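Keep in mind that this is a model prediction, so the values were computed, not measured.
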Amino acid sequence: MKKAFLTGITGQDGSYLAELLLGKGYEVHGLIRRSSTFNTDRIDHLYRDFHDPNTRLFLHYGDLSVSGQLMDLLHSIAPDEIYHLGAQSHVRVSFDMPEYTGDITGMGTLRILEAIRKTGIKTKFYQASSSEMFGAVAPPQNENTIFQPRSPYAAAKVYAYYIAQNYRDAYGIFAANGILFNHESPRRGETFVTRKITRAATQIKLGLKEKLYLGNLDAKRDWGFAGDYVEAMWMMLQQEKPDDFVIATGETHSVREFAEIVFAKLGLDYNKYVMVDQRYFRPTEVDVLLGDSAKAKKILGWQPKISFENLIDMMIAADLELAKKEKTLVEAGFACNSSKRIT
């Protein structure tokens with residue numbers, strides 16, 4: 001039985017990847033941060049009591065800022081594959097918390113690579129790189145495109161990308177970079193723009209909210225389905241030699257277009273409900289991201305399965321169910337904070 005170690009297991013990608021690996025017969029170990037509240041809702045359906053002899057999912061408390069703890073965990077688990085997904089991953093927040101973002105998103109990668117080197121474990125390492133690294137470069141972007149990061153988050157990811165390459169070349173560590181373009185799902189965090197739109201639109205549809213406030217409506221992104229993208233992560237670590245791959249759909253849509261489609265599918269006039277708020281603009285914007293994943297298609301045999309329209313339908317359906325539950329609570333006289341939140 002192969003063992004995999006996942007940072008960021010409680011996030012969108014971590015939950016889909018954990019599902020994939022468990023389905024392939026892996027024993028999965030995940031790193032979670034200690035908190036006074038549980039934040040495991042995305043993987044609760046996968047969890048079984050560790051006393052159960054058939055359990056193959058194990059969670060370990062830890063933090064990407066503590067190198068000694070990471071070293072101890074990797075030494076004791078000795079995973080065959082490491083998927084490093086954990087990060088401060090919100091671009092706009094990285095401008096407000098640049099030092100923290102650099103430490104966790106950038107140096108966190110170095111700490112894991114150092115733990116691999118010092119423990120001497122034989123493992124394959126996946127680094128979650130980001131299309132945000134391309135920044136201001138004209139599209140389309142592929143593995144040979146230069147990086148021009150436009151945020152502290154993107155700059156930290158560029159560091160993590162190059163340090164993974166350096167440890168691959170210097171120490172012979174199997175380290176692969178997956179440069180993933182935007183990937184969404186019903187499990188996407190509510191502060192990310194796609195989920196923010198589907199969440200608010202469904203609440204507006206049921207009379208739980210009046211307005212949706214967004215930033216730059218003209219920004220264009222290459223949006224795919226997170227479930228498709230985690231398959232590419234796994235494929236990268238099944239290769240004989242480590243390499244770097246762009247994972248993308250090859251089509252781009254604006255934030256405005258995404259919002260218009262969502263509201264239209266719900267029978268609503270987008271213009272009546274969507275407002276622009278300058279507070280959501282980034283100090284330096286990224287105008288267009290459009291990925292060329294020809295290399296991944298040729299070498300890995302990877303192809304996106306879920307279309308842009310199907311992705312939107314999936315997210316609307318999930319958030320509409322959530323909004324219906326909220327409305328039931330409100331009508332029963334219970335306070336529902338999320339339904340009153342204006343974002």
**Asked** Excluding sequence neighbours, so at least two apart, what forms side chain to side chain contact (heavy atoms under 4.5 Å, CB included) with K205?
**Response** L266, L268

**Asked** Does N216 reach the side chain of F281, with side-chain heavy atoms less than 4.5 Å apart?
**Response** yes

**Request:** Give a yes or no on whether the backbone of E143 and the side-chain of D244 come within a donor-acceptor separation of less than 3.5 Å.
**Result:** no

**Request:** Using modelled atom types only, decide if a donor and an acceptor are shared between the side chain of Q88 and the backbone of H90 within a distance under 3.5 Å.
**Result:** yes

**Prompt:** Are the side chains of Q141 and V246 in touch, meaning some heavy atoms are under 4.5 Å apart?
**Reply:** no

**Message:** Side chains of D319 and R195, heavy atoms from C-beta outward: is any pair under 4.5 Å?
**Reply:** yes

**Item:** Side-chain heavy-atom pair I9, L57 within 4.5 angstrom cut-off
**Value:** yes

**Message:** Quick check: do L320 and K324 have side-chain heavy atoms less than 4.5 Å from each other?
**Reply:** yes

**Prompt:** With a 4.0 Å cut-off, would you call E190 and R199 a salt bridge?
**Reply:** yes

**Asked** Is there side-chain contact between T284 and F95, with heavy atoms separated by less than 4.5 Å?
**Response** yes

**Item:** Whether F225 and Y16 hold their rings parallel, tilted or perpendicular, with breakpoints at 30° and 60°
**Value:** perpendicular

**Request:** For N144, check side chain to side chain contact (heavy atoms under 4.5 Å, CB included) against everything at least two apart and list the hits.
**Result:** N142

**Asked** Looking only at atom types and distance, does a side-chain atom of Q239 sit under 3.5 Å from a main-chain N or O of M235, one as donor and one as acceptor?
**Response** yes

**Prompt:** Which is it for E184 and F258 under the side-chain contact (heavy atoms from CB on, under 4.5 Å) test, yes or no, and what are the steps along the way?
**Reply:** CA-CA 12 Å; E184 319 300 315; F258 191 100; 5.6 Å; no

**Message:** What I want to find out is whether D80 reaches K124 closely enough, with some N-O distance under 4.0 Å, to be called a salt bridge.
**Reply:** no

**Request:** Return the orientation label for the Y161 and F147 ring planes: parallel under 30°, perpendicular over 60°, tilted otherwise.
**Result:** perpendicular

**Message:** Do the side chains of E326 and K209 get close enough for a salt bridge, i.e. N-O under 4.0 angstrom?
**Reply:** no

**Prompt:** Under 4.5 Å between any side-chain heavy atoms of D103 and R111, yes or no?
**Reply:** yes

**Prompt:** To the nearest 0.5 Å, what is the distance between CD (E114) and OG1 (T119)?
**Reply:** 10.0 Å

**Prompt:** Rounded to the nearest 0.5 Å, what separation is found between the CD1 atom of I179 and the OG atom of S293?
**Reply:** 11.5 Å

**Item:** Any donor-acceptor N/O pair, Q12 side chain to H183 backbone, under 3.5 Å
**Value:** yes

**Message:** So K24 and K2, do their side chains get closer than 4.5 Å, heavy atoms only?
**Reply:** no

**Prompt:** Taking NZ, NE, NH1 and NH2 as the nitrogens, is one of them in D277 or K211 under 4.0 Å from a carboxylate oxygen of the other?
**Reply:** no

**Asked** For the atom pair CG (L290) and NE2 (H253), what is the distance rounded to the nearest 0.5 Å?
**Response** 10.0 Å

**Asked** How is the hydrophobic cluster of F5 composed, in terms of its other members, when Ile, Leu, Val, Met, Phe, Trp and Tyr link through side-chain heavy atoms under 4.5 Å apart, directly or indirectly?
**Response** L31, L64, L70, L73, L74, I77, I82, V93, M97, Y100, I104, M107, L110, I112, L113, I116, I121, F125, Y159, I163, Y167, Y171, I173

